[in-house]
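Data block below; observations after.
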Amino acid sequence: MGLCVTGGATMTCSFGMAPSTLMILPTSGVMSAMPLATIMDQVPFVNILPFGMCTSLSNPTVASATAAALGVLTPMPCVPVPTGPWVPGVPQVLIGGKPALNNQCKLTCAYGGIIQFTTPGCMTVQI
């Protein structure tokens, strides 16, 4: 079923040029060494930090810079724009009333990127 995801998990975006780290605020009321993640931990600059530079032409800043460079792809700083919660989640395991996040979940960015985990964080509990 996958490994439980905690704060500190490493992620990549298909249009990002650098990995990022998942940040989890300890608000679920569940005590653990590292805060456990839920499908709702997808807030830009709170949970999802930038992935370096973005290469998606759906990103208006990338499209504008690329047009200014006469069509040469010009990456611009990443500003994650999640389109909803992580999917599919683990509905059998609730953390603070929300489905848990495992390392198989993915998140879609409005600019077409797919965000996924490369490492699940500090916990190796299978869920």
Side-chain angles (χ1 to χ4, degrees):
M1 229 178 172
L3 299 175
C4 188
V5 172
T6 67
T10 305
M11 310 171 287
T12 58
C13 175
S14 55
F15 284 114
M17 295 180 70
S20 182
T21 302
L22 181 68
M23 306 301 292
I24 305 298
L25 301 177
T27 57
S28 68
V30 177
M31 299 302 291
S32 66
M34 292 294 290
L36 300 172
T38 74
I39 63 168
M40 297 309 294
D41 291 320
Q42 44 87 23
V43 179
F45 298 100
V46 173
N47 305 118
I48 309 293
L49 300 178
F51 294 91
M53 303 294 274
C54 180
T55 60
S56 172
L57 288 173
S58 295
N59 181 331
T61 60
V62 174
S64 177
T66 299
L70 303 175
V72 175
L73 179 63
T74 306
M76 294 300 290
C78 170
V79 177
V81 183
T83 59
W86 292 89
V87 291
V90 184
Q92 314 87 295
V93 179
L94 298 180
I95 300 168
K98 299 173 191 136
L101 193 58
N102 71 13
N103 64 324
Q104 297 170 355
C105 293
K106 294 183 180 359
L107 185 65
T108 303
C109 178
Y111 301 137
I114 301 297
I115 300 168
Q116 58 191 353
F117 294 102
T118 53
T119 62
C122 294
M123 296 204 43
T124 55
V125 177
Q126 287 204 345
I127 54 174

Do [X] and [Y] sit in one hydrophobic cluster, given that two such residues count as connected whenever their side-chain heavy atoms are within less than 4.5 Å of each other, even indirectly?
X: Met40; Y: Phe117; value: yes
X: Tyr111; Y: Leu107; value: no
X: Met53; Y: Leu73; value: no
X: Met11; Y: Val5; value: yes
X: Leu25; Y: Val43; value: yes

Close side-chain approach of [X] to [Y], heavy-atom, < 4.5 Å:
X: Trp86; Y: Thr38; answer: no
X: Phe45; Y: Pro80; answer: yes
X: Pro99; Y: Val90; answer: no
X: Val62; Y: Cys54; answer: yes

Between [atom1] on residue [X] and [atom2] on residue [Y], distance to nearest 0.5 Å:
X: Ile24; Y: Ile95; atom1: CD1; atom2: CD1; answer: 9.0 Å
X: Leu22; Y: Gln42; atom1: CG; atom2: CD; answer: 11.0 Å
X: Thr108; Y: Ile115; atom1: OG1; atom2: CD1; answer: 8.0 Å
X: Leu57; Y: Asn59; atom1: CG; atom2: CG; answer: 9.0 Å
X: Leu36; Y: Leu101; atom1: CG; atom2: CG; answer: 10.0 Å
X: Cys105; Y: Gln116; atom1: SG; atom2: CD; answer: 11.5 Å

Distance-only, no hydrogens or angles: does the [X] side chain make a donor-acceptor pair with backbone N or O of [Y] under 3.5 Å?
X: Thr66; Y: Thr74; answer: yes
X: Asn103; Y: Leu3; answer: yes
X: Ser20; Y: Leu49; answer: yes
X: Thr21; Y: Ala9; answer: no
X: Asn47; Y: Met23; answer: yes

Identify the heavy atoms of Ser14 and Gly113 that sit nearest to each other, and give their distance.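 Reported closest heavy-atom pair: OG-CA, 3.3 Å.
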
Please find the pair of heavy atoms, one from Cys109 and one from Thr83, that lie closest to each other, and give the distance.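 Looks like C-CG2, 3.8 Å.
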
